[in-house]
Structures are given as structure tokens and as C-alpha cells.
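These notes are about the structure you will find just below.
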Amino acid sequence: MSLDTGFERRSLPLEYPFTIARGTQTEAEVVTVRIADDDGTVGVGGAAPSAHYGETVDTVTAVLPDLLAVVEEVGDPHQLERIERRMRETVRRNPAARCAVSIALHDLVATRLDLPLYRYWGLDPEETLETSYTIGLDDTATMREKTETAVERGFGTLKVKLGTDRDIEIVETIRSAAPDARLFVDANEAWSPREAVARIEALAEYDLEFVEQPVPAEDPEGLRYVYERSALPIAADESCIALPDIPRIADRCDIANLKLMKCGGLREAVRMIHAARAHGLEVMLGCMTESNASIAAACHLAPLLDYADLDGSLLLADDPYDGVPMPAGEIDLAGLDRPGTDAVLE
Ligand code: MG
């Protein structure tokens, strides 16, 4: 079999400027990969590189020719383990670039088998869950407005970005604008360990489910300090990048927040999910600001998760890719009527 491959970069405007503790972005810079077989069946995947993890669209497009050469050389898209292993050997870092290829291959393979990707994995679409919708940092009045809009759109689970000197005021405001919502908060490494324990103590009265990444990933002892004293469950995101991180975080958090763009592929993500469970952790799958070219694939793993934070496409002004429907945040796998990931250019 011969495989035809290609890629293109795209800049996708966000609905609102998206601010977290370490900066603001107004566009999602992504790279879309396309892999076609002899019959013209096409798989699509996306890279949403994060500068925080050392990747940009330039680094992605620099290594994609080498990664796609591996795909073409192996030739059989069903050899997914072999291709992903050889990609890791070819380009050790660059997980978002490898991930785009992994997703495109899984989309192609499931489409060739005429199965939605969740059925290829053997998963039950009824065991899906609801994605959280993220409220980025802004002035408090704007955060209130965004929350009210999200509630009107039917989102029942909100994730609130923190890491400011107004954190308690923000959570108080959002809780009053969304009294019935499930609320998660994410400090994106902004607090010191002592500050984190005090903030979490104060935040606990607002009925939050967990606090994500309270302290810098470079301070694993700080994370343990917070975990041992925290009034709320702790999720690790920046501290949890790839498979070897799971045992390292297991005694200092409750929830592992995995992302395809951190770990470099769908098969590595599934290995991480099982490793996290073996270490007694709950599992969340998160995302970057990204299009359905990559988010749609993550949605198919929803039945394996405790928490889904897969709102990347929902944060775009207009996603050129169709994907798994998410009415009011519910990841509707049973509603899919196409094989593969369902990431189709609209
Ligand atoms: Mg996070």
C-alpha cells in the first residue's frame, strides 16, 4: 500500500481572547495533517503546539516531513504501534507533531474499518460524559458575563482559570452566576505551596470539585506539600506530561490531567490512562485551544475518563472542522453517523 501525506498550518481566531495565569492568546495556531490511502480514504489529524512545552507551528512543520516519511516507509496504516514507536525514535520531543500524525492514522484506520473511533477502541458510547467549558481570566464583570452566557448555552460544568490576586472574588462571582454548575478551578502553576494551601482553604466553601496545578511543575515537593494539606482534591496538569510522569505524581495528586498534545499520540494517551488507574489516580483528558482536527479524536476516549476538559473547539470563533457533537457540553458519541474521528472539513 502507498500512503499519500500532507500538512498545512492554520491560524484560527478564538471567540474571546483566552487568558490564563501565564499569558493571553487570541488565535489557535495549528497544523493539520492529512494521510490518504490508495483508495482515496483520508485520515485527518491536528497539532496544537504549546510554547510552554517547547513547540510552535514552526517546530511542528519542521519535523513533520521526517514523521510522515516514517508513515510512508511503513506503508501499512494499521501498524499503529510500530509507526508511533518509530516516530518516537525519529523525533524524541515534539509531541504535538507526533500526535497530529497519530490522530490522522487512527482516523484513517477506523474509516477504513467503517467504524467510529470509539468502536475501534471497544468503548461504550453510553459511558460518555460532559466536557467542562473554560472561563478564561478577565476582569470580574466580564468573567461573570461569560459565565452567564455559558449557563444560557446549557453548560453544566465550568472550569475557571485562576492565579491572580482576585482569585476568591472571581470564584465568588462565578459561583453566584452559576449556582448549580459543577466547578473546577485551574491555577496554572501560579501559587506558592503555602499560598496554595491558604487559597484552597478559602475556595473550599464554594463547592469546587478540584483544584488543578496549584504550584509550578518544577516544584514536585511543593505539589506534595499542597496535596497533603489541601481541603480539595488536586489535579496535576503541567506536572503530568508523558507516561513516566504517572508514577512520579501518584503520591502527590488525586487526578492526572492528560493531553494528547503533551503525550504525543492516542496510544500513549491510552497507556497513560491505564497507568494512572493502576496508581489509584482519577483521569481527566484536557486539551489546548485546538480544532476538531485533534479534539474529535480525544472525544472518542471519553468513556475511559472521569473528567473531560475538551472544549478547545468550543473556544474558537469558528472551527473549520466538524467534530463530535457536544450539545450543552455532552460529548455525544452515540449521535455520530460517520466512521473515524468525525473530523471533517465543513
Ligand atoms: Mg490546566
Side-chain angles (χ1 to χ4, degrees), residues 14 16-25 28 48-55 95-96 99 129-138 143 146 150 155 157-164 167 170-171 174 182-191 193 195-196 199-200 203 208-220 222-223 226-227 230 232-242 245-246 248-249 252-263 269 272-273 276 281-290 294-295 298 301 305-315 329:
L14 304 183
Y16 306 108
F18 186 65
T19 301
I20 68 169
R22 52 177 174 260
T24 298
Q25 63 179 126
S50 165
H52 183 70
Y53 300 105
E55 287 186 278
C99 192
L129 40 98
E130 181 178 292
T131 181
S132 48
Y133 177 83
T134 304
I135 308 292
L137 285 171
D138 213 317
M143 289 180 79
K146 286 182 191 168
F155 293 107
T157 305
L158 302 177
K159 180 161 127 174
V160 183
K161 291 295 191 180
L162 297 181
T164 69
D167 287 344
I170 288 170
V171 172
I174 286 180
R182 299 173 67 199
L183 284 189
F184 314 152
V185 298
D186 186 354
N188 286 109
E189 311 183 284
W191 300 330
E195 193 178 25
R199 292 256 169 120
I200 294 168
L203 290 170
L208 309 181
E209 294 205 14
F210 61 80
V211 175
E212 192 174 315
Q213 198 68 40
V215 298
E218 304 79 61
D219 184 10
L223 184 62
V226 176
Y227 169 70
S230 176
L232 291 168
I234 299 293
D237 176 1
E238 287 86 343
S239 296
C240 176
I241 298 169
D245 294 313
I246 296 289
R248 293 178 193 142
I249 60 166
R252 55 203 73 199
C253 68
D254 300 279
I255 302 162
N257 183 5
L258 320 180
K259 290 178 186 166
L260 297 180
M261 296 303 148
K262 294 189 293 187
C263 75
M272 287 182 79
I273 290 170
L281 296 170
E282 288 196 301
V283 180
M284 166 160 59
L285 189 58
C287 63
M288 308 297 178
T289 45
E290 49 191 281
S294 44
I295 292 277
L301 298 178
L305 309 174
D306 299 296
Y307 305 95
D309 183 26
L310 297 173
D311 62 348
S313 168
L314 301 173
L315 302 178

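As the structure lists them, so they are numbered: ligands from 1, and atoms in each ligand from 1. The analysis underlying the following values was restricted to heavy atoms, covering all of them including side chains, and did not include hydrogens, waters or symmetry mates. Counting from 1, the numbers follow the sequence of the chain as shown.
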**Study point:** N/O donor-acceptor pair under 3.5 Å between R252 side chain and P220 backbone
**Key:**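 Pair found, side chain donor or acceptor close to backbone of P220.
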**Study point:** Main-chain N/O of C240 paired with K262 side-chain donor or acceptor, under 3.5 Å
**Key:**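 Answer holds: yes.
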Review point. Counting backbone and side chain alike, does E212 bring an N/O/S atom below 2.8 Å of the Mg ion (ligand 1)?
Key: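 Looking at E212, which is the residue asked about, there is an N, O or S atom under 2.8 Å from the Mg ion (ligand 1).
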Check your understanding: Looking at the Mg ion (ligand 1), is one of the N, O or S atoms of E238 less than 2.8 Å from it?
Key ->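 For E238, the answer is no, given that no N, O or S atom comes within less than 2.8 Å of the Mg ion (ligand 1).
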Review point. Do you know which of D219, V211, I234 makes side chain to side chain contact (heavy atoms under 4.5 Å, CB included) with V226?
Key: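 By the side chain to side chain contact (heavy atoms under 4.5 Å, CB included) criterion, V226 pairs with just one of D219, V211, I234: I234.
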Point to revise | Of the N, O or S atoms in D237, the one nearest the Mg ion (ligand 1) | key: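 Nearest N/O/S atom: OD2.
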Check your understanding: Looking at D186, which of its N, O or S atoms is the nearest one to the Mg ion (ligand 1)?
Key -> OD2
**Study point:** Close side-chain approach of L14 to Q25, heavy-atom, < 4.5 Å
**Key:** yes
